[in-house]
Chemist: 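This structure is in structure tokens; I'll ask about it shortly.
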Amino acid sequence: MNEMIASATEKFAKLIEEQLERIEKMNQEKDFVQYDQLDKIVIGIVGGDGIGPAITNEAHRILEFLLKEEVDKGKVEFKVIDGLTIENRVKVMKPIPEDVLQELKKCHVILKGPTTTPRAGDPWPNIESANVAMRKELDLFANVRPVKVPEKGIDWTFFRENTEGAYAVGSKGVHVNDDLAIDFTVTTTEGTERIARAAFDYAVKNDKKKVTAVTKANVVKTTDGKFLSLCQKVAKDYPTIEMDDWYIDIMTAKLVDEKRRTQFQVFILPNLYGDILTDEAAEFQGGVGTAGSANIGKRYAMFEAIHGSAPRMVDEGRAQYADPSSIIRAGVMLLAHIGYVQEAQKLERALDICMHTEKRLVVTGRDTGATGNEFADYIMQTIQTIDN
Ligand code: IPM
Ligand code: MG
């Protein structure tokens with residue numbers, strides 16, 4: 001009995017040490033990279049698993065097309081990084097193989113296809129998610145997910161904390177004995193303040209009036225309680241922005257409430273609630289396949305589709321019919337993030353035309369529709385018809 005408790009306590013002590021080290025690192029962080037001050041911006045292209053390489057390749061073609069002059073001038077370099085596949089990860093039993101991580105660290109921004117996330121019972125060993133590991137390794141603390149449905153008055157931007165909460169040590173819980181399993185959730189002052197500031201700064205810059213924090217601080221008193229009170233503290237530095245707070249359960253309901261939901265603008269959430277609420281929100285816009293997601297840190301940023309790797313499509317020989325629009329939308333966010341705002345706007349406009357207005361080609365995921373390659377060509381043709 002005592003041995004069992006001692007062993008669990010030892011594991012817990014190790015987690016505490018790791019988290020204290022992480023806080024040290026956060027305290028040494030420099031400020032955000034200024035892309036316009038770099039000689040060259042390196043954009044990493046990471047295919048991932050399943051349909052990932054097929055759709056990412058299409059988004060890559062479009063970005064190369066839009067940034068051709070910049071590449072010719074040597075201002076932008078694309079770097080294709082292979083090897084972030086489940087087979088390779090399992091081979092070395094790491095969420096990101098070391099050589100891939102070294103390549104990622106040579107980039108400034110990364111466009112990443114979906115990666116398979118194993119869980120117990122899968123044919124793969126239950127290793128940590130590559131997504132989660134990349135967010136931690138590159139300290140991509142702000143997961144920014146916009147959802148817009150103009151005809152319904154929906155214009156939301158979610159700031160999901162991306163490195164802490166239930167995810168911080170999500171693969172390091174403790175099986176104390178056969179009957180007792182314990183996971184841990186982590187809130188730090190540094191980690192919460194930086195996501196809160198990112199959300200409020202965004203609100204100020206984008207002329208928003210309100211920021212909404214979402215927690216379950218009435219029940220998860222210690223970590224969610226700390227998260228909420230730090231958001232309230234940061235809010236005091238932004239007197240022009242109104243802050244309110246909701247619990248996650250009622251918030252999931254209020255997103256469906258047509259009268260209430262149009263009042264929300266910017267959200268701040270701990271990691272797991274952000275994961276859940278952004279899938280619900282994306283559903284109003286047409287599903288997770290239509291949303292893009294930015295993972296922003298001070299030194300690195302990564303942009304991804306929010307859907308999975310769809311291994312079934314690959315098994316059934318349909319990867320070429322996979323819809324690249326979500327990763328292309330991630331490409332829009334990448335362009336805007338590194339300062340190519342006009343190119344981002346053109347691409348967004350072309351996506352809207354191709355997906356909603358003109359619809360000359362439709363991707364259905366099967367041979368009843370266009371291939372991702374044809375769709376990307378259609379986007380590039382459409383871009384050429386858009387004035388500067
Ligand atoms: C997301 C995904 C990931 C997450 C998975 C794939 C680990 O659901 O990006 O929202 O839970 O963060
Ligand atoms: Mg998710």
Side-chain angles (χ1 to χ4, degrees), residues 46-52 55-56 59 84-86 89-90 94-96 104 110-122 124-147 156-173 183-186 191 195 214 248 251-252 255 267-297 300-314 322 325-327 329-331 333-334:
V46 181
D49 296 311
I51 59 169
I55 57 173
T56 308
L84 192 67
T85 59
I86 184 73
R89 288 184 277 142
V90 164
K94 279 190 171 169
I96 305 177
L104 291 173
I110 295 154
L111 186 71
K112 185 186 76 58
T115 48
T116 301
T117 300
R119 62 170 183 191
D122 281 358
W124 307 108
N126 195 7
I127 53 174
E128 189 185 30
S129 146
N131 277 34
V132 174
M134 199 182 293
R135 292 166 184 166
K136 284 191 215 161
E137 284 287 348
L138 304 181
D139 204 18
L140 309 173
F141 64 86
N143 187 194
V144 186
R145 297 182 162 185
V147 169
W156 298 325
T157 309
F158 294 87
F159 281 77
R160 163 189 178 191
E161 200 296 316
N162 216 16
T163 50
E164 307 197 335
Y167 283 59
V169 287
S171 56
K172 294 183 179 168
D183 263 319
F184 303 96
T185 183
V186 175
I195 187 72
V214 184
I248 180 65
M251 183 48 84
T252 58
L255 285 197
F267 297 86
I268 320 175
L269 315 95
N271 212 335
L272 183 59
Y273 308 142
D275 177 47
I276 298 167
L277 209 68
T278 53
D279 270 17
E280 184 194 4
E283 195 66 21
F284 300 120
Q285 178 184 270
V288 291
T290 61
S293 164
N295 299 266
I296 315 260
Y300 299 100
M302 181 266 279
F303 300 80
E304 60 184 341
I306 83 169
H307 57 73
S309 59
R312 186 175 304 142
M313 287 191 79
V314 180
S325 53
S326 176
I327 187 114
R329 217 166 275 283
M333 299 181 85
L334 183 151

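Order of appearance sets the numbers: ligands from 1, and atoms from 1 within every ligand.
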Chemist: Below 30° counts as parallel, above 60° as perpendicular, anything between as tilted: where do the rings of Phe267 and Phe158 land?
Modeler: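 If you compare the ring of Phe267 with that of Phe158, the planes turn out parallel.
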
Chemist: Is the contact between Arg119 and ligand 1 made by the side chain, the backbone, both, or neither, using heavy atoms and a 4.0 Å cut-off?
Modeler: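 It is neither part, as no heavy atom is under 4.0 Å.
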
Chemist: Would you say the side-chain atoms of Asp49 pair up with the backbone N or O of Thr116, donor to acceptor, closer than 3.5 Å?
Modeler: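 Present.
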
Chemist: So which of Arg89, Lys172, Lys136 actually passes side-chain hydrogen bond (donor to acceptor under 3.5 Å, both in side chains) with Glu128?
Modeler: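 Result: among Arg89, Lys172, Lys136, Lys136 is the only option passing the side-chain hydrogen bond (donor to acceptor under 3.5 Å, both in side chains) with Glu128.
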
Chemist: Classify the side-chain pair Asn126/Arg119 by whether it contains a donor and acceptor separated by less than 3.5 Å.
Modeler: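 Short answer, no.
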
Chemist: Which residue in the set Asn131, Asn143, Thr115, Thr56 passes side-chain hydrogen bond (donor to acceptor under 3.5 Å, both in side chains) when paired with Glu304?
Modeler: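 When Asn131, Asn143, Thr115, Thr56 are each tested with Glu304, the side-chain hydrogen bond (donor to acceptor under 3.5 Å, both in side chains) holds only for Asn131.
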
Chemist: Hey, which protein N/O/S atoms does the Mg ion (ligand 2) have under 2.8 Å?
Modeler: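 Less than 2.8 Å away from the Mg ion (ligand 2) sit Asp275 OD1.
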
Chemist: Which protein heavy atom lies closest to atom 8 (O) of ligand 1, and at what distance to 0.1 Å?
Modeler: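 It is Asp275 OD1, 3.2 Å.
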
Chemist: Are any of the N or O atoms of Thr117 closer than 3.5 Å to those of ligand 1?
Modeler: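 No, there is no polar N/O contact under 3.5 Å.
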
Chemist: Test of understanding: given a 4.0 Å heavy-atom threshold, classify the contact between Arg160 and ligand 1 as side chain, backbone, both, or neither.
Modeler: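 Contact part for Arg160 vs ligand 1: side chain (C-beta onward).
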
Chemist: Please work out, at 4.0 Å between heavy atoms, whether the side chain, the backbone, both, or neither of Arg145 comes within that distance of ligand 1.
Modeler: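 The side chain, only.
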
Chemist: So which protein heavy atom does atom 7 (C) of ligand 1 come closest to, and at what separation?
Modeler: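 Ranking protein heavy atoms by distance from atom 7 (C) of ligand 1, first comes Ser129 OG, 3.5 Å.
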
Chemist: With side-chain hydrogen bond (donor to acceptor under 3.5 Å, both in side chains) as the test, pick out the partner of Asn295 among Arg135, Lys112, Arg145.
Modeler: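 Single side-chain hydrogen bond (donor to acceptor under 3.5 Å, both in side chains) partner of Asn295 among Arg135, Lys112, Arg145: Arg135.
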
Chemist: How close does the nearest protein non-hydrogen atom get to atom 4 (C) of ligand 1, and which residue and atom is it?
Modeler: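 Checking every protein heavy atom, the shortest distance to atom 4 (C) of ligand 1 gives Tyr167 OH, 3.5 Å.
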
Chemist: Between Asp275 and Leu269, is there a side-chain heavy-atom distance shorter than 4.5 Å?
Modeler: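 Side-chain contact under 4.5 Å: no.
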
Chemist: Between Glu283 and Gln285, is there a donor-acceptor pair closer than 3.5 Å when you use the side chain of the first and the backbone of the second?
Modeler: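 No; zero donor-acceptor contacts below 3.5 Å.
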
Chemist: Under 3.5 Å, is there a donor-acceptor pair between the side chain of Arg160 and the main chain of Asn271?
Modeler: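 Checked: pair present.
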
